[in-house]
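Here is the structure we will look at, set down as structure tokens.
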Amino acid sequence: MGDKQDSLDHEFANYTTCHGASRIANAKNRPHMALWTLIFLAAFGLCTWQIVDRFQNYFAYRTGTEINVQLESELDFPAVTICNFNRIRASGVTQRDLTYLWTAMYAPVMMGNPEAVQAYVNSVDWDAFNVSTELLEDFPGYVRRNGFVLNEDTLAQCTWRGVECTAQNFTHVFTEYGNCWTFNSDKNSPLKQTSPGAGNGLKLIMDVQTEEYTEDPLLGNLEYGLIFQVHDQHEPPRPELVGTAVAPGSHTYASTFQTHVKNQPTPWGQCDQKKDGNHLKYYDKYTLAGCLLECRADLVASVCKCTPMYYPGDMDYCTPLNLTTCVVPTLSTFLRESNEYDACGCTVPCEYTSYSSQVSYAGYPSDRAARFYETTYNFSSGYLSKNIVLLDVYYHELRSTTYEQFKAVDESGLISDVGGQVGFFIGVSVITLFEFLEYLIMKFSAFFLFSRKSSITKPNKNGLKVNNAVVFENTAAEFAEKTDSTELSTIQTKFNGEKAATLEMT
């Protein structure tokens, strides 16, 4: 059995494609064998070190980013949401309503002390304000009717690619600024810009109506003007976070850029492929903004039992007192004590389109333009400088930029790295692995057959003696046969020799 195993080892060492094995097996002497053994072990050690390093590099989940800039003949124009810093118009409400609203808005000032908030709410006789029924029972409808309205009075001029547009081309949306209006909100067939530059996109002349402002100087917005946001049609607007302010008396140029982003899923990136479908309840496409809004809405609904008008949901809308005494303190505590992204489980989408604007300003209007507006729209120069906004949103160039995240080391790269290391140091390839597998199969087969033979020939002590005798007899017979054969050969050789010698003498 030992000779057979040794022969298998020697045969494998000779025919394997692994470098060094045949040198060790066929060494002429011990020093020669020791030298090649050390060389092989050193190469094997370096190979192991490099393989471990390659695996560590793979499981670091590093990524790279490929940037691709593509010039287009036309680009989808983004949605443009416009809001006014004034949430309630003075002409649409009574002084009692305004007093009630600003008294209620004072409660969040004490939101760090819940007991003080409750004491303040209990100390005010809210019924004594005698406010309108709509304000208490349908606050969203009240804001929709009395907030910032987009009509022929506020929208002095609107053009899209040089063609006139009207307030009918805008859709209403609630945000934390109250009424906001979105141009090009159609998700299925957005407008396209075919020529770059100012005037080839959306151009608006709007009246902010500063005389209608009711914002409290202590609790409300201190600014006057507009705030706008360019965004994808599938993304809900959040101008309070990413909006750009526009001051009256200026021409605002918003040069817009389109960017496509493709992220790797975890663990390489942060996106979750499971959320790319209909993961959200109130939005048809997953976006980070939509996820955060739904999370806040669920939190408020669970605590305050209502839904703010600027959050999605199917519960009753919150009243002004609900907003100030429950919604605002609840959200403030949540944002202060936890990370919103982790608590809500919101990750970046695996693929999305974003828009950014580079804003520049010019003085507006010129003296001649002021005289024109005074004649045409009955606007005085003083009114123009405090109320009129000229906004130009357009593509500076018809190009789209794609940022695509990719794995720094993918599965095929890992296989190539490992294969290169083992091939370089010890000459191992896929063929070598099959050779080693064949060797193991033959090795185990020989061992299994020997073990089986041993179990048959050694069942007990008596059988051992008998079988040993049988083996001895067979061995003796073989030896005798070999001996007779050898003697016969010797005699025949001797006879042939003597016969040859006799013939020679003759």
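For the pair F334/P329, no side-chain contact is recorded, criterion being any heavy-atom separation below 4.5 Å from C-beta on. When side chains are defined from C-beta on, I82 counts as touching M206, because their heavy atoms get closer than 4.5 Å. Under the 4.5 Å side-chain criterion, counting only non-hydrogen atoms from C-beta, L288 is not in contact with Y352. With contacts defined as side-chain heavy-atom distances shorter than 4.5 Å, the pair Y100/W126 qualifies. A 4.5 Å side-chain heavy-atom check between R399 and F257 finds at least one atom pair inside the cut-off. Using a 4.5 Å cut-off on side-chain heavy atoms (C-beta onward), E66 and F406 make contact. Two residues are said to be in side-chain contact when any heavy atoms from C-beta on lie closer than 4.5 Å; P236 and T287 meet this criterion. Residues N179 and C83 fail the side-chain proximity criterion, which asks for heavy atoms closer than 4.5 Å.
Rounded to the nearest 0.5 angstrom, C18 SG and F436 CZ are separated by 9.5 Å. Atom CD of Q258 and atom CG of D76 lie 6.5 Å apart (nearest 0.5 Å). Here CH2 of W268 is found 11.0 Å from OG1 of T63. Values are rounded to the nearest 0.5 Å. Residue Q193 holds its CD atom at 11.0 Å from CG of N184, rounded to the nearest 0.5 Å. Between atom OG of residue S255 and atom OH of residue Y395 there is a gap of 10.5 Å, rounded to the nearest 0.5 Å. Atoms CG and CZ, on L202 and F228 in that order, are 10.0 Å from each other to the nearest 0.5 Å.
A donor-acceptor contact shorter than 3.5 Å is absent between the side chain of W102 and the backbone of G220. Remark: side-chain polar atoms of E212 are paired, donor with acceptor, to backbone N or O of A90 under 3.5 angstrom. Between the side chain of S360 and the backbone N or O of Q358 there is no donor-acceptor pair closer than 3.5 Å. The main-chain N or O of P349 is found under 3.5 Å from a side-chain atom of N263 such that the two form a donor-acceptor pair. Judged purely by atom type and a 3.5 angstrom limit, S250 has no side-chain atom pairing as donor or acceptor with the backbone of G363. No donor-acceptor distance shorter than 3.5 angstrom exists from the side chain of D97 to the backbone of L135, with no hydrogens or angles considered.
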Step by step, work out the side chain to side chain contact (heavy atoms under 4.5 Å, CB included) result for V261 and E351. CA-CA 6 Å; V261 181; E351 187 171 349; over 6 Å; no
Under the side chain to side chain contact (heavy atoms under 4.5 Å, CB included) criterion, do L155 and E152 qualify, and how do the steps go? CA-CA 5 Å; L155 186 60; E152 63 276 3; over 6 Å; no
Residue pair I205, I388: steps toward the side chain to side chain contact (heavy atoms under 4.5 Å, CB included) verdict: CA-CA 7 Å; I205 299 178; I388 302 302; 3.7 Å; yes
Apply side chain to side chain donor-acceptor pair (under 3.5 Å) to D232 and T353, showing your working. CA-CA 7 Å; D232 185 70; T353 301; 4.7 Å; no
Decide salt bridge (Lys or Arg N to Asp or Glu O under 4.0 Å) for E340 and R296; before the verdict, give the C-alpha distance in whole Å, the side-chain angles of both, and the deciding distance to 0.1 Å. CA-CA 9 Å; E340 184 177 16; R296 290 189 178 191; 2.7 Å; yes
Going through the checks in order, is the side chain to side chain donor-acceptor pair (under 3.5 Å) test met by T182 and T81? CA-CA 4 Å; T182 302; T81 298; 2.8 Å; yes
Test side chain to side chain donor-acceptor pair (under 3.5 Å) on N387 and T210 and set out the steps. CA-CA 6 Å; N387 292 274; T210 54; 2.8 Å; yes
E235 vs K285, salt bridge (Lys or Arg N to Asp or Glu O under 4.0 Å): CA-CA, chis, key distance, verdict: CA-CA 8 Å; E235 180 181 357; K285 183 177 180 181; over 6 Å; no
Before giving the answer on salt bridge (Lys or Arg N to Asp or Glu O under 4.0 Å), spell out for E294 and K281 the whole-Å C-alpha distance, their side-chain angles and the decisive distance to 0.1 Å. CA-CA 8 Å; E294 285 197 359; K281 293 184 293 184; 5.6 Å; no
Apply the test salt bridge (Lys or Arg N to Asp or Glu O under 4.0 Å) to residues D316 and K305: give CA-CA distance (whole Å), side-chain angles for both, the deciding distance (0.1 Å), then the verdict. CA-CA 8 Å; D316 294 336; K305 310 304 179 184; over 6 Å; no
May I have the step-by-step check of side chain to side chain contact (heavy atoms under 4.5 Å, CB included) for I227 and V246, ending in yes or no? CA-CA 6 Å; I227 185 167; V246 180; over 6 Å; no
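Within 6.0 Å of the CG atom in D367, the count of heavy atoms belonging to other residues, nucleotides or ligands does not exceed 12. Heavy-atom contacts from other residues, nucleotides or ligands closer than 6.0 Å to CZ of F44 number 12 or fewer. When the shell of 6.0 Å around NZ of K386 is examined, it contains 12 or fewer heavy atoms from other residues, nucleotides or ligands. At most 12 heavy atoms of other shown residues, nucleotides or ligands fall within 6.0 angstrom of atom CZ in F424.
Annotation: F183 is in aromatic contact with F170 [ring centroid separation under 6.0 Å].
Y364 and H251 have perpendicular rings, their planes meeting at more than 60° on a 0 to 90° scale where under 30° would count as parallel. Ring orientation note: the planes of F139 and Y142 are close to parallel, at an angle under 30° on the 30°/60° scale. Taking the six-membered ring for Trp and thresholds of 30 and 60 degrees, H172 and F174 have ring planes more than 60 degrees apart, a perpendicular arrangement.
No hydrogens or angles considered: nothing links the side chains of H396 and Y394 as a donor-acceptor pair under 3.5 Å. The closest side-chain donor-acceptor pair between Y224 and N84, if any, does not fall under 3.5 angstrom. In this structure, a donor-acceptor pair under 3.5 Å is present between the side chains of T171 and S185. Y355 and Q229 form no side-chain donor-acceptor contact under 3.5 Å, judged by distance and modelled atom types alone.
Of all heavy-atom pairs between N322 and C306, the closest is CB-SG, 4.0 Å. Nearest heavy-atom pair, R96 versus N130, reported as atom, atom and distance to 0.1 Å: NE-O, 3.1 Å. Between D392 and G199 the shortest heavy-atom distance is OD1-N, 3.4 Å. For V418 against F55, the heavy-atom pair with the smallest separation is CG2-CE1, 3.9 Å. Scanning both residues, Y177 and C180, for their nearest heavy atoms gives CB-SG, 4.2 Å. Of all heavy-atom pairs spanning V422 and I51, the tightest one is CG1-CD1, 3.3 Å.
Between R87 and E176, none of the side-chain N atoms (NZ, or NE/NH1/NH2) sits under 4.0 Å from a carboxylate O, so this pair counts as no salt bridge. With respect to the salt-bridge test (charged N to carboxylate O, under 4.0 angstrom), the residues K187 and D284 qualify.
With respect to C318, the side-chain contact (heavy atoms from CB on, under 4.5 Å) criterion is satisfied by exactly one of L323, T324, T325: L323.
By the SG-distance test at 2.5 Å, a disulfide connects C350 to C271. When the SG-SG distance for C291 and C344 is compared with the 2.5 Å cut-off, it comes out at or above that value.
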